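Below you'll find the structure, written out as structure tokens, and then a few comments.
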Number of protein chains: 2
Amino acid sequence: MLPKFAVRIMEPKKILLIGAGKSATTLIEYLLDHASMESWKLTVADMDREIAQQKVGSSPFAEACALSIDDVPLRQSLIKAHDLIVSMLPAHKHIEVAQDCVAFGKHMVTASYVSPEMEALHEEAEAKGLLLLNEMGVDPGIDHMTAMEVMDKIKAKGGEIIGFESFTGGLMAPGSEEGPWKYKFTWNPRNIVLAASGGAVKFLHGGKFKYIPYHKVFRRTELIDLGAYGEFEAYGNRDSLRYQSMYGLEGVDTLYRGTLRRPGFCQSWDVFVQLGATDDSYLMEGVGEMTHREFINSFLYYSPSDSVELKLAHMLRLDLQSEPMRRLKWLGMFEEEPVGLSGKASPATVLQHILQKKWSLAPHDRDMIVMVHLFDYKCDGVHCHLRSHLVVEGDDAQSTAMAKTVGLPMGIAIRNILNGTIAMRGVRIPVHKEIYAPVLSELSVHGIGMQETFLKGGLPAH
Amino acid sequence: MLPKFAVRIMEPKKILLIGAGKSATTLIEYLLDHASMESWKLTVADMDREIAQQKVGSSPFAEACALSIDDVPLRQSLIKAHDLIVSMLPAHKHIEVAQDCVAFGKHMVTASYVSPEMEALHEEAEAKGLLLLNEMGVDPGIDHMTAMEVMDKIKAKGGEIIGFESFTGGLMAPGSEEGPWKYKFTWNPRNIVLAASGGAVKFLHGGKFKYIPYHKVFRRTELIDLGAYGEFEAYGNRDSLRYQSMYGLEGVDTLYRGTLRRPGFCQSWDVFVQLGATDDSYLMEGVGEMTHREFINSFLYYSPSDSVELKLAHMLRLDLQSEPMRRLKWLGMFEEEPVGLSGKASPATVLQHILQKKWSLAPHDRDMIVMVHLFDYKCDGVHCHLRSHLVVEGDDAQSTAMAKTVGLPMGIAIRNILNGTIAMRGVRIPVHKEIYAPVLSELSVHGIGMQETFLKGGLPAH
């Protein structure tokens with residue numbers, strides 16, 4: 001029901017947002033802020049109705065409801081009753097929502113990678129005049145948009161792209177970087193523990209296809225220096241080759257996407273990878289009685305006397321006083337402290353549980369999103385290097401940089417879909433000017449935009 | 001049709017063998033040898049009828065037929081027309097045959113590990129009076145039977161098993177061990193390339209559960225010295241914990257199954273694992289134009305000038321003249337020789353194709369099966385160590401030790417199922433005396449049996 005002071009005479013557009021977790025905070029704020037002006041009605045659905053209600057507050061434009069995504073009749077009746085569906089569910093849950101959206105003729109927005117099952121809906125969605133917009137968060141999301149804006153500009157000036165590298169990281173802001181890892185979970189912890197485990201990293205370098213298996217990903221890092229923001233290290237992020245055609249980069253020599261951490265993170269994280277402690281494919285026995293120390297020991301050879309520390313250091317050819325050993329000690333990995341889970345659990349679940357004891361945000365903690373693009377191109381016969389970068393800091397543990405940089409592009413895209421500015425249809429990601437132009441324009445109003453630095457050459461003014 | 005000299009007046013038992021590849025040679029010989037006496041009629045079905053016909057020869061007790069396993073009507077009509085079905089198909093193809101067997105009331109025998117889908121048929125098979133006998137080859141197969149015979153004997157004498165380790169390898173016989181690897185493919189090459197990649201190795205040691213991830217399996221080896229047969233090294237084989245209840249070893253401290261190679265094999269094979277060259281989860285680009293050298297280079301960092309050899313040696317911290325580098329050179333991995341495949345292929349497929357150039361059996365090559373069990377037990381208060389071992393050598397590239405040690409136990413089991421000696425029903429593996437006793441007894445007639453050596457203590461005569 002529209003409040004009395006609404007002057008537009010039109011049906012309100014109905015938005016259904018499914019999954020009201022931490023990452024949805026900024027998005028819900030954005031939708032509530034614009035609901036009156038845009039004549040929107042928002043329904044926030046979550047497994048836990050209380051969480052949805054907290055986010056919605058007392059807004060007259062929104063209501064909360066309880067929804068278990070596996071409750072098909074309720075899910076479908078909710079989807080039928082709305083115009084646009086936003087899924088903030090875990091990535092593997094999007095497809096059921098997407099299939100309903102196509103069946104019932106609704107647009108959909110997610111921040112997740114397009115799965116093959118999602119891709120398969122493209123033609124039917126397009127034929128029915130529906131947009132299923134994915135990869136609309138920060139990484140993937142803002143990275144696609146800010147990269148395409150620059151590359152379209154270079155091409156428009158007659159330039160030829162030779163190489164493109166892109167790096168993003170969800171980190172802690174200076175002042176909140178306590179401990180040697182300088183890291184906390186600002187996003188789904190499970191995704192962090194399983195990072196890079198989904199398959200080989202694939203990329204192009206110097207015209208050659210390159211592949212890195214999971215157990216080498218955290219050893220093949222490169223250093224990125226962002227001046228006042230300090231140094232970062234990058235490890236390879238999934239299949240970069242996927243983006244060759246999406247970005248229109250068929251002829252390039254180099255194409256690489258990476259994830260940023262503070263220097264030293266990867267060498268230490270690699271200890272968990274080498275141990276097999278990030279494996280999610282089987283359940284360990286006796287987790288209920290397991291301590292942190294026993295967890296680590298279960299990946300090391302048996303000895304009635306040798307210490308866990310020495311066995312680990314020896315296996316990984318580390319000095320006992322080395323940085324990775326120091327970081328593991330800081331995490332309490334060698335303590336006889338109970339893990340605190342029961343029954344059986346995968347190594348990844350146990351590791352996540354231990355890490356959450358140290359890596360959970362305190363209320364005052366401020367996080368930081370860092371994004372860097374490196375463009376290598378030829379223009380008017382000159383070989384040029386352009387770097388663009390973006391740094392967004394969070395306000396506190398609620399209003400994180402992660403929630404902002406995921407929520408704002410989604411919110412802006414939703415506004416532009418519902419007002420008709422974005423008229424593309426089908427299964428899409430934001431590499432098209434029709435999508436990225438209005439979103440980047442409004443993001444800059446919120447202080448989110450890339451700074452460009454010509455490291456070599458430039459762009460002609462013409 | 002029975003020949004005239006058959007004196008028994010009874011319907012012939014009809015055996016259907018599906019998959020007439022190299023590994024089926026000895027089994028088919030065994031079945032043909034016993035067909036007259038046992039009153040059997042054998043049908044050998046293969047995708048390639050010619051191969052089936054070659055194996056069947058001019059035997060009056062057998063016929064060959066063409067069968068694509070995905071041709072469901074033909075497959076089912078064949079299964080319906082026989083009493084016992086032997087599947088020599090690749091492991092993942094057994095389940096369709098097994099489901100048909102249960103549906104149409106037929107016994108089944110395979111040499112493969114019991115999959116969860118196969119296990120799920122247990123109750124229905126048992127209720128219908130059917131035996132689906134799996135793991136009936138050499139490893140798994142002879143290992144189960146020879147281990148259980150000793151352990152049942154120890155228990156019968158009042159002994160208590162503390163630990164059990166078992167090792168098997170398909171190797172080359174002395175005199176056929178050319179080259180530094182002392183190895184050739186004597187079994188499905190694809191299985192060898194993917195060995196250990198299916199999940200973490202799981203075992204018990206000193207009362208502790210231990211887990212080894214794939215990328216560390218070939219670095220955690222142990223040496224086994226078999227005197228005149230020389231030394232072997234063992235790497236962990238899958239999930240040993242699975243066998244704890246199957247072997248009745250609930251209270252043991254140590255339970256480990258391993259695979260044997262000649263010393264040095266594992267360190268060199270680990271180079272492929274570390275590179276990601278055994279990955280079967282994605283397809284590489286441009287395999288059609290790829291050389292051996294380029295295949296290796298695709299897993300190494302880009303450089304316009306550094307050699308593939310140096311990059312590899314550096315990445316894996318190897319000397320350029322080290323044993324693994326020497327073995328890779330012997331395989332021709334650094335040659336600019338075309339791989340010889342077209343289109344796209346997984347790293348594992350490319351690697352297998354390159355390895356087959358060097359690791360295929362020559363007609364005169366003789367292979368060798370080596371099996372070693374180590375039993376740790378207490379009897380009359382004495383702590384005892386017993387080792388049993390078996391070595392079987394092949395005759396040539398046709399009559400391999402592998403084909404014998406897989407085919408004979410299957411053939412003997414089939415005979416004892418059809419004559420009623422093995423009367424167990426359900427989904428089984430040969431850990432039961434009713435199965436292993438008649439099979440081991442007849443195997444010893446064929447010269448296949450374990451030699452026992454008491455390393456410490458013994459067994460009471462009583």
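First the proteins, then the strands, lettered A, B, ... as listed; each starts at 1. Note that this is a predicted model, so its numbers are computed, not measured.
- Residues B:Val193 and B:Ala348 approach most closely at CG1-O, 3.7 Å, considering heavy atoms.
- With sequence neighbours left out, B:Asp253 forms a side-chain contact (heavy atoms from CB on, under 4.5 Å) with B:Ile162.
- Annotation: maximal heavy-atom pairing with chain A below 4.5 Å, among B:Asp279, B:Val273, B:Thr254, occurs at B:Val273.
- With hydrogens and angles ignored, the 3.5 Å screen pairs a side-chain donor or acceptor of A:Glu233 with a backbone N or O of A:Phe265.
- Heavy atoms closer than 4.5 Å to chain A are found nowhere in B:Leu204, neither backbone nor side chain.
- Side-chain contact annotation: B:His383 with B:Asp376, donor-acceptor N/O pair under 3.5 Å present.
- Looking only at atom types and distance, the side chain of B:Ser166 has no donor-acceptor partner in the side chain of B:Tyr256 under 3.5 Å away.
- Pairing each heavy atom of B:Leu260 with each of B:Ala234, the nearest pair is CD2-CB, 3.9 Å.
- Against chain B, the residues from residues 300-309 of chain A that qualify, each with a non-hydrogen atom under 4.5 angstrom away, are A:Leu300, A:Tyr301, A:Tyr302 in number order.
- Neither the backbone nor the side chain of B:Asp239 comes within less than 4.5 Å of any heavy atom of chain A.
- Only the side chain of B:Leu241 comes within less than 4.5 Å of a heavy atom in chain A; its backbone stays farther off.
- Against chain B, the residues from residues 284-294 of chain A that qualify, each with a non-hydrogen atom under 4.5 angstrom away, are A:Met284, A:Glu285 in number order.
- Note on A:Lys208, A:His205, A:Lys202: by heavy-atom pairs under 4.5 Å with chain B, the leading option is A:His205.
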Next item on the list: Assess whether ring pair (Phe, Tyr, Trp, His ring centres under 6.0 Å) is satisfied between B:Phe232 and B:Phe167, documenting all intermediate values.
Entry: CA-CA 10 Å; B:Phe232 302 88; B:Phe167 307 93; over 10 Å; no

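- For chain A, the nearby part of B:Lys216 is the side chain; its heavy atoms alone come within less than 4.5 Å.
- A salt bridge is defined here as a Lys NZ or Arg NE, NH1 or NH2 lying under 4.0 Å from an Asp or Glu carboxylate O, and A:Glu135 with A:Arg242 meets this definition.
- Summarising the geometry of A:Leu223 relative to A:Pro263, their closest heavy-atom pair is CD1-CG, 4.2 Å, with the distance given to 0.1 Å.
- A:Tyr243 carries A:Arg257 over the face of its six-membered ring, with the cationic atom under 6.0 Å from the centre and within 45° of the normal.
- The aromatic rings of B:Tyr235 and B:Phe218 sit tilted relative to each other, their planes meeting at an angle between 30° and 60°.
- Scanning for ring-ring contact (aromatic ring centres under 6.0 Å, His included) contacts around B:Phe295 gives B:Phe299, with sequence neighbours left out.
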